[in-house]
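A short write-up of the structure that comes next.
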Number of protein chains: 2
Amino acid sequence: MTLDERKMQILRAIVTDYINTAEPVGSRTLARKYLLGISPATIRNEMADLEEIGYLQQPHTSAGRIPSDKGYRFYVDVLMDHHLLPLETAVTIRETIRSRQREIEEAIHHASYVLSYLTNYTAVVLGPMPHERICEQIRLVSLDPCNVLLVLITVPRFIENQLVEVAEPVAPGELEKISMALTEKLQGIAWGVIPQDLIREIREIIRRQELMEALLQMLGVSAREDRVDNLYLEGTTRILDQPEFKDLEKARAVLGIFEGKQMLLEILEGVAREPGVAVSIGQENRRDEFKDCSFVTASYESGGRVVGTLGVIGPTRMDYSRAISAVECVADTLSELLDVLGKRKK
Amino acid sequence: MTLDERKMQILRAIVTDYINTAEPVGSRTLARKYLLGISPATIRNEMADLEEIGYLQQPHTSAGRIPSDKGYRFYVDVLMDHHLLPLETAVTIRETIRSRQREIEEAIHHASYVLSYLTNYTAVVLGPMPHERICEQIRLVSLDPCNVLLVLITVPRFIENQLVEVAEPVAPGELEKISMALTEKLQGIAWGVIPQDLIREIREIIRRQELMEALLQMLGVSAREDRVDNLYLEGTTRILDQPEFKDLEKARAVLGIFEGKQMLLEILEGVAREPGVAVSIGQENRRDEFKDCSFVTASYESGGRVVGTLGVIGPTRMDYSRAISAVECVADTLSELLDVLGKRKK
DNA sequence: CGTTAGCACTCTCTGGCAGCGAGTGCTAAC
DNA sequence: GTTAGCACTCGCTGCCAGAGAGTGCTAACG
């Protein structure tokens with residue numbers, strides 16, 4: 001069923017008003033504030049139609065209407081104005097995030113902060129996954145005869161290191177050689193998908209049990225717990241500002257999920273990694289805990305490859321337009337920044 | 001004023017009962033559940049006395065009594081049984097935390113988790129402060145002619161690194177020499193209190209503008225924002241389980257503070273760094289936001305030196321005995337672990 | 001003189017009830 | 001097709017009474 005122009009106007013007005021006020025909106029209000037040409041009675045008829053198709057719902061008989069998930073979906077896909085972020089805001093975002101480019105982690109962390117601050121919703125940024133980072137260089141450095149520092153440098157540029165105690169002293173020259181050989185073998189390979197036979201070859205090169213173990217442990221960072229460290233969450237308490245979470249039980253459920261991070265990780269990993277912004281509304285998130293929440297997410301890239309995802313989490317009654325433009329801007333900024341950081345290396 | 005034996009018994013019973021039930025406790029309940037020999041009327045007289053001295057208070061005229069901050073203080077200092085953690089729990093703690101000794105950060109993070117899980121309160125662990133860590137070795141490693149990896153290893157054993165792009169290629173031999181000289185100068189010096197003239201000497205050694213800048217930036221980690229990263233907070237939502245925080249505004253205030261972390265950092269830094277467990281009750285925390293909360297904290301050590309603080313945060317109506325023994329056990333375990341990790345290095 | 005029983009009193013909490021306000025759906029007229 | 005009018009529904013608020021818990025005081029007791 002397609003909606004005529006007037007039904008769309010009405011639906012748009014209801015969603016807009018409800019986003020602003022969080023109160024069910026009635027025909028009278030609507031006529032007065034948005035639709036001066038039409039009488040409340042007419043609006044009532046239209047609203048009844050909209051409810052029947054499933055775009056609206058009524059909390060109880062004598063209340064106004066509120067949008068259903070389906071209503072929000074139609075709003076986001078069809079009705080909404082895609083208002084742009086004011087240029088000065090965009091510039092500020094860029095500068096704020098760029099000013100923290102000492103390390104990528106810092107920039108990512110900061111991006112989550114900016115996003116939350118910008119939207120007043122909870123923000124989440126998933127950094128480049130350890131097991132997807134591409135190996136650029138491996139170095140073994142002798143600290144003293146018995147201790148070796150194992151350093152891994154990846155693209156995007158993360159530096160992981162681990163201190164390894166070796167049973168028998170190693171000659172620095174030996175480490176040099178191993179470093180070169182390892183780098184040659186692994187360069188350009190994604191850190192999480194190293195094939196078995198390559199691992200066998202590496203074992204041949206390294207020879208030392210302790211070092212091999214340490215290397216494998218680094219490979220093991222694709223394990224769950226470590227991936228959670230890669231998720232930056234900011235502004236979790238902002239969900240409490242939303243009237244729909246004035247109920248303590250609801251608030252606790254969502255905050256509990258936030259704290260665990262695990263489920264958020266799964267959700268963000270599940271988001272389609274396509275360019276552009278994705279919106280997931282209410283029950284569209286399969287998780288019951290988020291049935292009153294919406295996600296606005298986008299992926300960011302490094303060297304033309306999608307490496308991570310970020311987004312905001314708010315009530316379904318979210319200001320989608322604002323959220324989308326903010327998420328878009330931060331994602332773009334982050335992509336740019338990663339490219340700059342990547343190119344710096346000669 | 002000193003309390004006679006019976007007043008103490010009554011106070012102890014009231015605190016115990018209130019800790020368990022969160023309900024104001026009346027004379028009748030008291031007589032029935034704890035003080036079989038005495039009649040409610042007598043207890044009422046005694047309670048009136050205890051209220052007058054300030055150990056108890058009444059939410060309203062016709063309610064039972066609840067302990068005041070002063071009452072809890074007396075309970076903690078004098079009345080409380082110091083019950084020990086069951087041995088198997090202690091062993092479990094030890095094993096759980098030790099199993100994560102790959103990196104110190106991980107162990108610390110895990111300690112906060114264990115502490116929260118153990119007590120059902122919010123747990124917080126402040127890691128060894130960057131500026132207090134003692135410099136053990138500095139290494140400059142050439143990755144390619146134009147990129148140098150700056151590595152700093154400290155006691156307790158943290159490894160910081162930074163990638164520096166240099167304008168003009170450096171010879172590996174040069175870096176070796178600089179590394180040696182720097183290590184010699186800085187070894188044994190606390191990272192945050194390097195005197196000005198030493199910095200001048202270092203500048204002489206390094207010579208290169210970019211490297212010097214990177215080094216100074218690493219020194220700069222004593223700045224606020226970085227110190228916050230050193231604070232591990234776990235179980236923040238557990239405060240919502242407490243009936244005293246069923247009021248959304250109160251809950252939001254505390255959760256807001258948790259999220260910022262800054263204030264917690266200041267509080268933990270302000271805790272006396274003496275061996276043993278410290279308890280700070282209600283208004284004793286100067287911060288108004290925590291006037292209904294208590295902190296149970298302890299310091300942990302590395303090589304005989306206090307390096308960090310940890311603790312739990314709960315309502316003033318906290319199970320102090322349990323909390324104290326848990327905090328104590330985790331602090332000891334962490335100290336031990338740091339020593340083990342420290343000694344591993346030969 | 002400390003202890004206790006009895007009693008009047010206070011205060012909170014709960015449930016029922018009425019009145020209100022907002023908003024609807026329906027009908028009939030325009 | 002649009003609109004005015006009207007009866008109806010439902011949640012919210014405030015009020016009131018009764019129950020329940022606990023107190024302080026007084027007077028009697030050992």
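Throughout, protein chains are lettered first and strands after them, A, B, ... in sequence-line order, and every chain is numbered starting at 1. Predicted model, so just to flag it, every value in this text is computed and none were measured.
- Minimum interatomic distance between A:Ala298 and A:Val327 (heavy atoms only, all atoms of both residues): CB-CG1, 3.5 Å.
- Pairing each heavy atom of B:Thr236 with each of B:Leu255, the nearest pair is O-CD2, 3.6 Å.
- Nucleotide D:dC16 is matched to C:dG15 when pairs are restricted to Watson-Crick or G-U wobble geometry with both distances under 3.5 angstrom.
- The base of D:dC10 sits within donor-acceptor range of the side chain of A:Ser62, with an N or O pair under 3.5 Å.
- Ring pair A:Tyr18/A:Tyr72 is tilted by interplanar angle, where 30° to 60° counts as tilted.
- Applying the 4.0 Å criterion to OP1 and OP2 of D:dT3, one finds that A:Arg28 has every side-chain N and O outside that range.
- A donor N or O paired with an acceptor N or O is found under 3.5 Å between the base of D:dG5 and the side-chain atoms of A:Arg44.
- Remark: side-chain polar atoms of A:Ser116 are not paired, donor with acceptor, to backbone N or O of A:Ser112 under 3.5 angstrom.
- Counting only heavy atoms from C-beta on, B:Arg65 has its side chain closest to D:dT23 among D:dT3, C:dT3, D:dT23.
- If you take CG of A:Leu30 and P of C:dA22, they are 16 Å apart, rounded to a whole angstrom.
- Protein atom NZ of B:Lys33 is 11 Å distant from nucleotide atom P of D:dG22, rounded to whole Å.
- For the pair A:Ile66 CD1 and C:dG23 P, the computed distance is 14 Å after rounding to whole Å.
- The residue among B:Gly64 and B:Asn45 whose nearest nucleotide of DNA chain D lies closer to the 5′ end is B:Gly64.
- The side chain of B:Thr61 places no N or O atom within less than 4.0 Å of a non-bridging phosphate oxygen (OP1 or OP2) of C:dT10.
- Residue-level contact check: A:Thr42 touches the bases, meaning some heavy atom is under 4.0 Å from a base atom.
- Counting any heavy atom pair closer than 4.0 Å across all strands shown, B:Ala63 reaches sugar-phosphate atoms only and no base atom.
- If B:Pro40 and A:Gln58 are placed on DNA chain C by their nearest nucleotide, the residue sitting closer to the 5' end is B:Pro40.
- Dense packing is recorded around CZ of B:Arg317, with more than 12 heavy atoms of other residues, nucleotides or ligands lying under 6.0 Å away.
- Within a 6.0 Å radius of OH in B:Tyr117, other residues, nucleotides and ligands contribute 12 heavy atoms or fewer.
- The pairing partner recorded for D:dA4 is C:dT27, the criterion being a Watson-Crick or G-U wobble arrangement whose two distances lie under 3.5 angstrom.
- Within 6.0 Å of atom CZ in B:Arg28, 12 or fewer heavy atoms from other residues, nucleotides or ligands are found, so the atom counts as exposed in its surroundings.
- Rounded to an integer number of Å, the gap from A:Leu56 CG to C:dG25 C1' is 16 Å.
- Between the CZ atom of B:Arg6 and the C1' atom of C:dT4 there is a distance of 12 Å, given to the nearest Å.
- You'll find that the side chain of A:Met47 is closest to C:dT24, out of D:dT3, C:dT24, D:dT23.
- For the pair B:Leu50 CG and D:dG24 P, the computed distance is 12 Å after rounding to whole Å.
- Distance from the side chain of B:Ala41 is smallest to C:dT4 among C:dT10, D:dT3, C:dT4.
- As rounded to whole Å, 16 Å separates atom C1' of C:dC26 from atom CD of A:Glu46.
- Environment of OH in A:Tyr113: sparse, with no more than 12 heavy atoms of neighbouring residues, nucleotides or ligands closer than 6.0 Å.
- Less than 4.0 Å separates DNA chain D from no heavy atom of any residue of residues 14-25 of chain A.
- Which of C:dG23, C:dT12, D:dT3 sits closest to the side chain of B:His60 comes down to C:dT12.
- Nucleotide D:dT2 holds its P atom 11 Å from the CG atom of A:Asp49, rounded to whole Å.
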